[in-house]
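The structure under discussion appears below in the form of structure tokens.
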Amino acid sequence: MNSFKKVSLIIAAALTSTMLVSPAATANAGTVTLTVAGSAATGGTVVGTPVSLPVPADNSIDAADALKIAVTSVDTGTVVTAVATNATIVSALATSAAPVTASSGSSTLSVSTGTGNSADFYVYTKSTAVGTVSITRAGTTTVYYVQGTAGALNSIALTAPTSGAAGTTATLKVTGYDVFGNAKGGATINTLVSSNGVATATALTTETATATLGTKEQTVTLPASGSVVVTAYATVATAVTGLSTPVGAVTATIVVRDLAGELAAKIAELATANAALAAEKAGRAADKAAADAAAVTAKAAADLAAAAYKAEYNALAKKWNAKNPKAKVALKK
């Protein structure tokens with residue numbers, strides 16, 4: 001019996017020793033590789049140097065438009081998750097048989113490696129603002145940065161005052177956008193300013209500075225009368241199915257105001273209004289005088305009638321009192 005106990009203790013000790021020295025399994029976060037069109041991506045690991053990507057202006061997410069994030073050497077069965085802000089994730093690029101457009105994808109995507117040990121994600125952006133992509137695998141999260149570059153000029157806008165005083169200057173502003181509404185710097189937008197039969201054309205180049213990106217201002221001197229018609233026009237991209245329609249020309253009209261004439265008209269209107277007010281006041285004064293006179297006349301007539309009534313009553317009362325000295329009535333004063 002003692003021998004059996006000793007053997008049991010030896011086996012238990014051996015098992016305990018084995019459990020204590022065996023290291024715990026560590027999940028493998030693998031390796032992440034960033035490429036664009038098959039070449040190593042430039043930047044992407046810090047916000048100040050994001051991976052630069054062209055926006056998909058042709059409405060097809062191709063290799064040149066997307067950052068490929070390849071996660072390799074993770075443990076079999078690992079779930080790899082990508083979460084994007086200001087960017088979009090797709091699981092594959094466009095092919096003729098399976099198009100991937102600028103409306104495809106989502107902000108999150110998870111890939112289960114199953115029996116494999118790798119996962120691929122493709123990230124594109126339609127914005128020129130910096131976007132992020134967080135890749136999480138085996139408890140490790142890494143953030144990468146992307147930023148879109150504006151596409152070709154697709155639409156223009158014109159801002160102008162609706163009116164202005166004769167002889168003053170009016171400020172016009174043109175703005176250029178790509179097909180996704182990003183401001184487009186360095187674009188040529190022309191203006192044609194027409195006034196009193198004379199038209200002047202000017203070529204403007206939109207600003208590239210951040211504060212004024214995609215815009216350009218122009219001043220116009222307004223004539224003495226009439227109006228100024230401004231047309232902005234530019235060569236814009238060809239229409240792409242599924243994306244916004246290009247806008248290559250816009251028009252605005254500035255009405256020239258004669259401030260001296262407007263002031264004279266307002267003064268005349270005020271004089272007419274003052275005359276009408278004075279007439280109304282005079283009418284009210286005359287009506288009041290007539291009403292006051294009528295009130296005085298009515299009061300005098302009432303007072304006279306009251307006096308006649310009192311005299312008649314007192315005369316009758318005196319007669320009554322003379323005949324009925326024991327039942328006298330008081331006289332009205």
Testing Val90, Leu67, Ile89 for side-chain contact (heavy atoms from CB on, under 4.5 Å) with Tyr124, which one passes? Val90
Kindly work out whether a path of hydrophobic side-chain contacts (I/L/V/M/F/W/Y, heavy atoms less than 4.5 Å apart) joins Leu158 to Val228. yes
Can you tell me how far CG of Asn314 sits from CG of Leu316, rounded to the nearest 0.5 angstrom? 9.0 Å
Flag, side chain of Lys68 to backbone of Leu34, donor-acceptor distance under 3.5 Å: no
Do the non-hydrogen side-chain atoms of Thr188 and Asn190 ever get within less than 4.5 Å of each other? yes
Quick one: does Asn324's side chain have a donor or acceptor within less than 3.5 Å of a partner on Ala327's backbone? no
Measure the shortest side-chain to side-chain distance between Lys173 and Lys216 over non-hydrogen atoms and say whether it is less than 4.5 angstrom. no
When hydrophobic residues are tied together by side-chain contacts of less than 4.5 Å, even through go-betweens, does Tyr145 share a cluster with Val123? no
Would you say the side-chain atoms of Asn154 pair up with the backbone N or O of Asp178, donor to acceptor, closer than 3.5 Å? no
Calculate, to the nearest 0.5 Å, the distance between atoms CG and OG1 belonging to Leu213 and Thr208 respectively. 7.5 Å
Would you say Thr113's side chain and Thr78's backbone share a donor-acceptor pair under 3.5 angstrom? yes
Validation row: Leu222, Thr169 side chains within 4.5 angstrom (heavy atoms): no
Go through it in stages, so that I can follow the logic: the residues are Val143 and Val133, the test is side chain to side chain contact (heavy atoms under 4.5 Å, CB included), and I'd like the CA-CA distance, side-chain angles, deciding distance and then a yes or no. CA-CA 6 Å; Val143 179; Val133 186; over 6 Å; no
For the student: nearest non-hydrogen atoms of Ile254 and Ala170, plus distance: CD1-CB, 4.1 Å
Do Val247 and Leu204 land in one hydrophobic cluster if side-chain heavy atoms of ILVMFWY residues count as linked below 4.5 Å? yes
Determine, step by step, whether Thr85 and Thr132 satisfy the side chain to side chain donor-acceptor pair (under 3.5 Å) criterion, reporting the C-alpha distance in whole Å, the side-chain angles of both residues, the deciding distance to 0.1 Å, and the verdict. CA-CA 5 Å; Thr85 60; Thr132 65; 2.4 Å; yes
Donor on one side chain, acceptor on other, Ser110 and Thr81, under 3.5 Å: yes
Side chains of Ser60 and Asp62, donor plus acceptor under 3.5 Å: yes
Would a 4.5 Å heavy-atom cut-off, applied to side chains only, mark Leu270 and Lys266 as touching? no
Using only atom types and a distance under 3.5 Å, with no angle test, would you say the side chain of Ser244 pairs donor to acceptor with the backbone of Val179? yes
Could you check Asn86 against Val130 for side chain to side chain contact (heavy atoms under 4.5 Å, CB included), going step by step and ending with a plain yes or no? CA-CA 7 Å; Asn86 204 34; Val130 175; 5.8 Å; no
Closest heavy-atom pair and its distance - Asn321, Lys328: OD1-CA, 3.0 Å
Indicate yes or no: at least one non-hydrogen side-chain atom of Tyr122 is less than 4.5 angstrom from one of Asp65. no
Using the rule given for side chain to side chain contact (heavy atoms under 4.5 Å, CB included), can you reason through Val55 versus Thr149, listing the C-alpha separation, both sets of side-chain angles and the distance that settles it, and then say yes or no? CA-CA 6 Å; Val55 296; Thr149 56; 5.9 Å; no
Do Arg284 and Glu280 have side-chain heavy atoms sitting under 4.5 Å apart? yes
Hydrophobic clusters here meaning ILVMFWY residues chained together by side-chain heavy-atom distances under 4.5 Å, can you tell me if Val250 and Val193 are in one? yes
Set out, in order, the CA-CA distance, both residues' side-chain angles and the distance that settles side chain to side chain donor-acceptor pair (under 3.5 Å) for Thr136 and Thr141, then state yes or no. CA-CA 4 Å; Thr136 301; Thr141 298; 2.8 Å; yes
Taking atom CG of Leu153 and atom OG1 of Thr206, what is their separation to the nearest 0.5 Å? 7.5 Å
Considering all heavy atoms, the nearest Pro56-Phe180 contact: O-CZ, 3.4 Å
Just by distance, do the side chain of Arg137 and the backbone of Ala29 share a donor-acceptor pair under 3.5 Å? yes
Among the clusters formed by ILVMFWY side chains lying less than 4.5 Å apart, do Ile69 and Val146 turn up in the same one? yes
Approximate separation, where rounding is to 0.5 Å, of Gln147 CD and Ser52 OG: 7.0 Å
If you measure only the distance, is there a donor-acceptor pair under 3.5 Å linking the side chains of Ser127 and Thr125? no
Closest contact, heavy atoms only, Val36 versus Leu53: CG2-CD2, 4.0 Å
Ala232 to Val174 - nearest heavy-atom pair and separation: CB-CG1, 4.1 Å
Applying side chain to side chain contact (heavy atoms under 4.5 Å, CB included) to Val80 and Ile135, what does each step give before you reach the verdict? CA-CA 7 Å; Val80 185; Ile135 302 296; 3.9 Å; yes
Do we get Lys332 above Tyr313's six-membered ring, with its NZ or CZ under 6.0 Å from the centre and within 45° of the axis? yes
Are the side chain of Asp75 and the backbone N or O of Asn28 linked by a donor-acceptor pair below 3.5 Å? yes
Would you check if the side chain of Asn117 reaches a backbone N or O of Ser73 as a donor-acceptor pair within less than 3.5 Å? no
To the nearest 0.5 Å, atom OG1 of Thr108 lies from atom CZ of Phe121 at 10.0 Å
Which atoms form the tightest heavy-atom contact between Asn59 and Ala102, and what is the distance? OD1-N, 3.0 Å
Supply the atom-to-atom distance Glu217 CD to Thr212 OG1, rounded to the nearest 0.5 angstrom. 9.0 Å
